[in-house]
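Every chain is numbered from 1, with letters handed out A, B, ... down the list of sequences. Values below: all heavy atoms of this structure, side chains included; hydrogens, waters and symmetry mates excluded.
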There are 4 protein chains.
Amino acid sequence: MTLKIGVIGTGAIGADHTRRITNTLTGAEVIALTDVNQEQAEKVKQSLGLNATVYKDGHELIEKSGVDAVLVTSWGGTHEEYVLAAIKAGKYVFCEKPLATTAQGCQNIVDAEMAAGKRLVQVGFMRPYDSGYKMLKEAIDSGAIGEPLMIHAAHRNPSVPEMYITPMAIHDTLIHELDVFRWLLDDEYVSAQVVFPRKSKYAHDKVADPQIVMLETKKGTRIDVEVFVNCQYGYDIQCSVVGEEGVVNLPEPQALSMRKNANLGQSILTDWKDRFIESYDVELQDFVNGVQAGKLTGPSSWNGLAAAVSGDACVKAQESGLIEPINLPDRPEFYR
Amino acid sequence: MTLKIGVIGTGAIGADHTRRITNTLTGAEVIALTDVNQEQAEKVKQSLGLNATVYKDGHELIEKSGVDAVLVTSWGGTHEEYVLAAIKAGKYVFCEKPLATTAQGCQNIVDAEMAAGKRLVQVGFMRPYDSGYKMLKEAIDSGAIGEPLMIHAAHRNPSVPEMYITPMAIHDTLIHELDVFRWLLDDEYVSAQVVFPRKSKYAHDKVADPQIVMLETKKGTRIDVEVFVNCQYGYDIQCSVVGEEGVVNLPEPQALSMRKNANLGQSILTDWKDRFIESYDVELQDFVNGVQAGKLTGPSSWNGLAAAVSGDACVKAQESGLIEPINLPDRPEFYR
Amino acid sequence: MTLKIGVIGTGAIGADHTRRITNTLTGAEVIALTDVNQEQAEKVKQSLGLNATVYKDGHELIEKSGVDAVLVTSWGGTHEEYVLAAIKAGKYVFCEKPLATTAQGCQNIVDAEMAAGKRLVQVGFMRPYDSGYKMLKEAIDSGAIGEPLMIHAAHRNPSVPEMYITPMAIHDTLIHELDVFRWLLDDEYVSAQVVFPRKSKYAHDKVADPQIVMLETKKGTRIDVEVFVNCQYGYDIQCSVVGEEGVVNLPEPQALSMRKNANLGQSILTDWKDRFIESYDVELQDFVNGVQAGKLTGPSSWNGLAAAVSGDACVKAQESGLIEPINLPDRPEFYR
Amino acid sequence: MTLKIGVIGTGAIGADHTRRITNTLTGAEVIALTDVNQEQAEKVKQSLGLNATVYKDGHELIEKSGVDAVLVTSWGGTHEEYVLAAIKAGKYVFCEKPLATTAQGCQNIVDAEMAAGKRLVQVGFMRPYDSGYKMLKEAIDSGAIGEPLMIHAAHRNPSVPEMYITPMAIHDTLIHELDVFRWLLDDEYVSAQVVFPRKSKYAHDKVADPQIVMLETKKGTRIDVEVFVNCQYGYDIQCSVVGEEGVVNLPEPQALSMRKNANLGQSILTDWKDRFIESYDVELQDFVNGVQAGKLTGPSSWNGLAAAVSGDACVKAQESGLIEPINLPDRPEFYR
C-alpha cells in the first residue's frame with residue numbers, strides 16, 4: 001500500500017521533500033499540498049506532475065480522510081500547531097526542525113503524543129541517518145574505544161548573511177550537534193558554557209563568531225564544539241570521540257585526492273546542502289517505512305524537546321558567561 | 001506508470017535485484033519470475049510477497065504482454081539466447097555480465113539490436129555508477145589533469161576458491177576494469193600483455209596469482225592492472241590516473257579513522273559485495289528510468305562486446321607471453 | 001674553536017645530552033662532568049671515552065676556567081642555584097625544564113640575567129625545534145590562515161605510574177604546550193580554566209584523567225588542550241590552529257602506511273622519547289651555535305618564567321574550578 | 001681522531017659536501033681541495049674559511065700523506081680514474097654516482113677493490129639513508145607483508161631542460177630506483193622492458209616522456225616504475241611494495257595539512273634537492289663513521305656495477321622495444 005502524504009508548507013524544504021517522495025523514495029506519494037502562498041503550492045504540484053489536491057490551509061489538509069501522514073515544512077512558528085493537530089487526528093507527522101519554537105511548545109507536543117498512546121511524530125534531525133555518523137555510533141556502541149569520555153567537534157560554514165545573529169549560532173547551527181551527540185552518547189546534558197574567542201574580521205557586527213560551546217553530560221562526558229560560521233574555507237563538520245581506549249573520527253565526505261600544482265589535496269564542500277544530501281533521502285524513507293510498519297524509530301518529540309531545552313541553556317550561557325545548568329526532565333519510558 | 005519487470009533467473013543476483021526493485025527502487029515492480037529451478041522462483045516470490053506469476057521458462061516470460069522489460073540474471077551460458085529473444089520481442093532488457101560467453105555471441109546481440117533500430121540492452125557493469133569512479137570521470141573530463149597518459153590500477157581479493165583458475169582472473173575479475181577504463185578514457189584498447197610475478201604461497205595450484213595486465217589504447221594511454229586474488233588483507237580496488245598536469249586517485253570507500261593500539265587506521269573491506277553495493281541500486285534505477293524515458297544511457301551491448309574481445313586477447317596474452325593485439329571493429333555511430 | 005662544555009647531572013637526560021654532544025653534534029665537546037652520584041658521572045665518562053674531568057659538585061665545575069658553557073641536567077630542585085651561579089660566572093648555560101621549581105625562582109634568574117646585560121640562558125623546551133611545529137609556525141606567520149583565533153590540542157600518553165598526580169598534568173605534561181603555544185602565537189596568556197571529564201577507568205586514584213585546560217590569550221585567542229595521560233593507545237600530540245581563513249594541523253610523525261588484515265593503518269608512537277628525538281639534536285646544536293656566535297635565540301629565561309606563572313594558574317584552576325587569571329608582567333624589551 | 005678529507009671536484013655537489021663536512025657532520029674536516037677550475041676550489045676554501053690546501057689535480061691530492069680519505073665529486077667521466085687511484089693508494093673513497101660511465105669501468109673498480117682485499121669505496125646512492133625507505137626496508141625485512149611479489153613505483157619531476165634526452169631517463173633518473181630496489185628486495189634483476197605511453201605535450205622533442213620501465217628479479221618479483229620528468233605538478237617519488245600478506249607504501253615527505261579555499265591539502269615538493277636533503281647528511285656521516293671504524297657498509301662498488309649493467313639493459317630495451325636480459329655476474333662473497 002502506497003502511503004498518502006500531505007505536505008504543509010511548500011517552500012524550499014517542502015518542495016524538496018515533495019520531489020524526494022515523488023522521484024526518489026519508494027512506498028509513498030504526495031496527494032495533498034498547502035502553503036500560505038497557494039500559488040506556490042500549485043506550482044510545486046504542476047512542476048512535479050502530481051496527482052494532488054491543494055488545500056486552503058494545514059488544518060483542512062490534516063483532516064482529509066485520504067491523507068495518511070503529514071509533513072510539516074511550514075514556517076517554524078506554525079510547527080507546534082500543526083503537529084498538535086496531526087496528533088489529535090491520529091495521524092503520523094514528520095516535522096522539520098524546530099519541533100516548536102519554545103521548550104514549552106515541545107513539551108506540549110510530548111504530552112499530547114504520550115496521551116495519544118503511541119509515537120506519531122518524527123523530527124527532521126537527519127544526522128543520525130548520515131553514513132559517517134552511523135559508523136561513529138557503531139564504533140562507540142561496539143565498545144571499540146571503551147567508554148566515551150570527550151567529544152571534540154566543529155561546525156563551520158563559509159559565511160552567513162547579515163540577518164544571522166549570535167543566538168542563531170545555537171538555534172540554527174548548533175541544534176544539529178545538540179541532537180546528534182545525545183544520540184551518539186545515549187546520554188543527556190547537564191550544563192553548558194560558551195566562550196567567545198577573538199572575533200573573525202569576516203563576521204558581521206551582530207554575530208559573535210567563532211564561539212566555543214562546552215557541554216557536560218550526566219555520565220560526565222565533556223563536549224567542546226567550535227561554531228564558526230564565517231570560516232571562509234568551506235562547510236566542514238568535524239567530530240572526534242575520545243574513549244578510554246581509543247579515538248574515532250567522523251569520516252570526511254568522500255572526495256577525490258588530486259596531485260596538482262604542488263598540492264596533494266581533496267575538495268572540501270562549501271554548501272551545507274551537499275553535506276547531508278543523502279541523509280535526507282534515508283531519513284524520509286525511514287519515516288515512510290516506519291509509518292508503514294506502524295512503528296517510528298527515528299528522532300522523536302523527545303529529541304525535539306531535549307534540543308529546545310539545551311539550546312535555551314546555551315543561549316543563556318552566551319549571555320551570562322557562566323556555566324548554565326540544563327534541566328531536562330527524566331526521559332519517559334515511552335521515548336526509550 | 002510503474003514499469004512491469006520480468007526476471008529470468010532467481011539465483012543470488014536475480015533474487016537480489018528483485019528485492020532491490022521491490023523494496024528500494026522507485027517506478028518499477030516485478031510481476032514475472034522464472035528459474036530453471038521453479039521452486040526457487042516461487043520462494044523468491046513468497047519471501048518478498050510479490051504479486052507476480054512464475055513462468056516455466058524465460059521465453060514464455062519474455063512473450064507475456066504484461067511484461068515491459070526483462071532482467072536476465074540466469075546462468076551465463078543462457079544470456080545470449082534470452083537477450084536475443086527480448087530484442088526480438090522489442091523489449092528492454094538488463095543483462096548481467098557477461099552479455100554472452102563469446103565475442104561472437106556479443107556481436108550477434110549488437111547486430112540484432114542495431115537491426116532493431118534502437119538501444120534495448122543494458123549490461124550489468126556497475127562501476128560507472130560508483131560515486132568514486134564518477135568523481136574520477138568528472139575530473140578527467142573537466143581537463144583538471146590534462147590529457148590522461150597512464151592508469152595504474154589494482155584489483156585485489158582476499159582469496160579465491162579452488163575452482164578459480166588462471167583465465168578467470170580475466171573473465172571474472174579484470175572484466176570490470178576492462179569496461180570501466182574504456183569509459184573513463186573514452187578510448188579503445190589496441191593491445192594486451194600479461195606478466196606473472198613470483199607466485200603467492202597462498203595461491204592454489206591452478207591459478208597464477210598475482211598477474212599484471214598491461215593494456216595500450218588507441219590514443220596511446222598505457223594501463224597496468226595488478227590482479228591479485230589471494231592478497232589476504234582485503235578486497236581492494238585501486239585506480240590512479242596520471243595526466244599531463246596531475247594525478248587523480250579513486251577514493252577509498254568511506255571509513256572511520258580510529259586511533260587504537262598504537263595504530264591510526266581505517267577498515268578495508270573484505271567482501272566484494274560491500275564495495276559496490278550502492279552502485280547496484282543506482283545502476284538498476286538508471287535502467288528503470290531509461291526505459292521509462294525511452295532512452296538507455298548505461299553500459300550497452302557494445303560495452304559487452306568490447307569487454308569480450310579484449311578479455312579474449314588478455315587470455316591469449318596469458319598463454320603466449322606476447323603482446324597480443326586487440327582488434328575491435330570501429331564503434332558504430334549507433335553506440336555513441 | 002670547539003666549545004668546552006661542563007655537564008651538571010649525569011642521569012638519563014644528562015648522559016643522553018653528553019652522548020649527543022660527543023657523537024652527533026658538531027663544534028662542542030664535554031670536558032667536565034659532575035653528579036650527586038660521582039660514580040655515575042665516572043661511568044658516563046668511561047662509556048663515551050671522554051677526555052673529561054669529574055668534579056665534586058656543580059659549583060666547582062662552573063668555576064673552572066676551561067669550561068665555556070654549562071648544561072644543567074640535575075634534579076629540578078637544584079636548577080635555580082646552578083643557573084644563577086653560571087650567570088654570575090658569566091657563562092652560557094643550557095638548563096633542562098623546569099628553569100626553577102617556582103615562579104619566583106624563574107624571576108630571580110630573569111633578574112640576574114638582565115643584570116648581567118646579555119642572554120646567557122637557554123631553557124630545554126625542544127618543541128620549537130620540531131620540524132612539524134616549525135611548519136605550523138611558518139604557516140601562521142606567513143598569513144596563510146589569517147589571524148589565529150583558536151587552537152585545539154591534545155597531549156596523550158599511554159599511561160603514567162602511580163606517583164603521577166593531578167597537578168603533574170600541568171607541571172610535567174602541559175608545560176610543553178604552555179611554552180609552544182606562546183611561541184606559535186607570539187602572545188601571552190591571560191586566564192586558565194580546567195574541567196574534568198568522566199574519569200578513565202585506567203587512571204590511578206590520585207590523578208584526575210583526562211583533563212581539559214582552556215586558555216585565553218591577550219589577543220583573545222582561545223586554546224583548549226586535552227591532557228590524557230592514560231589514553232592507552234599511544235603517545236599522541238595533536239595541534240590544530242584555526243585562523244580567520246583556514247586551519248592548519250601539526251603533521252603526524254612520519255610513518256609507513258600499511259594495508260594488512262583488513263586495515264589501512266600507520267603506527268602511532270608509544271614512547272614520548274621517540275616523538276621529539278630529532279628536536280633534541282637540533283635544540284642543543286642551536287645552543288652550541290648560539291654560544292659560538294655570542295647570541296642565543298632559543299627558549300629564554302622569560303619562557304621559563306612564563307611557563308611557571310601560567311602553570312601555577314592552571315594548577316590553581318584545577319583546584320578552584322574557576323577561571324583563574326594569569327598575571328605575567330610585560331615582557332621586557334631584553335627578551336624580545 | 002678527526003678524519004682528514006680531500007675533495008676532488010668543487011662544483012655544486014662537491015662544494016655542498018664540503019660545507020656539509022665542515023658545518024654539519026662530526027668527526028671529519030676537509031684539508032685538501034682540487035678542481036679543473038682552481039679558482040673555484042679557492043673560492044670554496046675561502047667561503048667556508050677552510051684550513052685546507054688547493055692542489056693542482058686529483059692525483060696529487062690523493063697521494064698527499066695527510067689525506068685520509070677522498071671524495072670524488074668531479075665530472076662523471078673522471079670518476080673511474082680517481083677511484084682507481086685512491087684504491088691504489090690504499091685510501092677510502094666516496095664517489096658520487098656514476099661510479100664509472102661504463103659497466104666495464106665499474107668492473108675495473110670492483111676488480112681493483114677486491115684485489116686490494118678490503119672495501120674502500122662507497123658510492124653516492126643516498127636513498128637507503130632516507131628515513132622513509134628505511135621504514136620500507138624494515139617492514140619488508142620484518143616479514144610484516146610476507147614475501148614481496150611486486151613493486152609499483154614512480155619517479156616524477158616537474159620538468160627537464162632541453163638537453164635531457166630519452167636515455168637520461170635511465171642513467172640520470174631511474175638509476176636511483178635501480179639501486180634502491182635491489183637493496184629493498186635483496187635481489188638482482190634478470191630482465192628489463194620499457195614501454196612508452198602517449199607523450200606529454202610538455203615534453204621536448206628529444207625525450208620520450210613518460211616511460212614505464214618493467215623489471216624482473218631473480219626471485220620473480222616484478223617491478224614497474226613510471227618515469228615522468230615533465231609531470232608539471234611536483235617532484236614526487238612513489239613506491240608501493242606488494243607482498244603475500246600486505247602492502248606498504250613509501251611515506252610522503254612530512255607536510256602540514258591545511259584547510260583553505262575549499263581544499264584540504266598538503267604541499268608537494270617541487271625541487272628534487274629538497275626531497276633527500278637529510279639523506280645526504282646521513283650518507284656522508286655514515287661514510288665518515290665507516291672509515292673511522294675501518295669498515296664501510298654503505299652502497300658499494302658492486303652497487304655501482306649493478307646499476308651500470310642494469311641501466312645499460314634498460315637503455316637497450318628503450319631502443320629495441322623487447323624484453324632485454326640483465327646479465328650481472330654472481331655477487332662475490334666480498335660484497336655481501
Among A:Leu25, A:Val248, A:Val242, A:Asn289, the residue with the most heavy-atom pairs under 4.5 Å to chain B is A:Val248

Between A:Pro251, A:Gly246, A:Pro253, which shows the greatest number of heavy-atom pairs under 4.5 Å with chain B?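 Going by pairs under 4.5 Å, I would pick A:Pro251.
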
Enclosure of [X] [atom1] (heavy-atom neighbours >12, cutoff 6.0 Å):
X        : atom1 : value
B:Lys43  : NZ    : no
B:Lys64  : NZ    : no
B:Lys134 : NZ    : yes
A:Asp141 : CG    : yes

Quick one: [atom1] on [X] to [atom2] on [Y], what's the gap to the nearest 0.5 Å?
X        : Y        : atom1 : atom2 : value
B:Glu252 : A:Ser257 : CD    : OG    : 9.0 Å
A:Arg259 : B:Ile145 : CZ    : CD1   : 12.5 Å
A:Thr26  : B:Gln285 : OG1   : CD    : 8.5 Å
B:Gln254 : A:Leu250 : CD    : CG    : 8.0 Å

Which atoms of B:Ser131 come close to chain A, meaning under 4.5 Å heavy atom to heavy atom: side chain ones, backbone ones, both, or neither? both

For the residue pair [X] and [Y], what are the closest heavy atoms and their distance?
X        : Y        : value
B:Lys260 : A:Glu245 : CG-O, 3.5 Å
B:Ala255 : A:Met135 : CA-SD, 4.0 Å
B:Leu256 : A:Gly132 : CD1-O, 4.3 Å

Pull out the residues in residues 263-283 of chain B that come under 4.5 Å of chain A, heavy atom to heavy atom, sorted by number. none

So which residues of residues 7-20 of chain B are in contact with chain A at a heavy-atom cut-off of under 4.5 Å?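 Listed by number, there are no contacting residues, so the answer is none.
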
Measure A:Asn23 against the heavy atoms of chain B and call it side chain, backbone, both or neither at under 4.5 Å. backbone

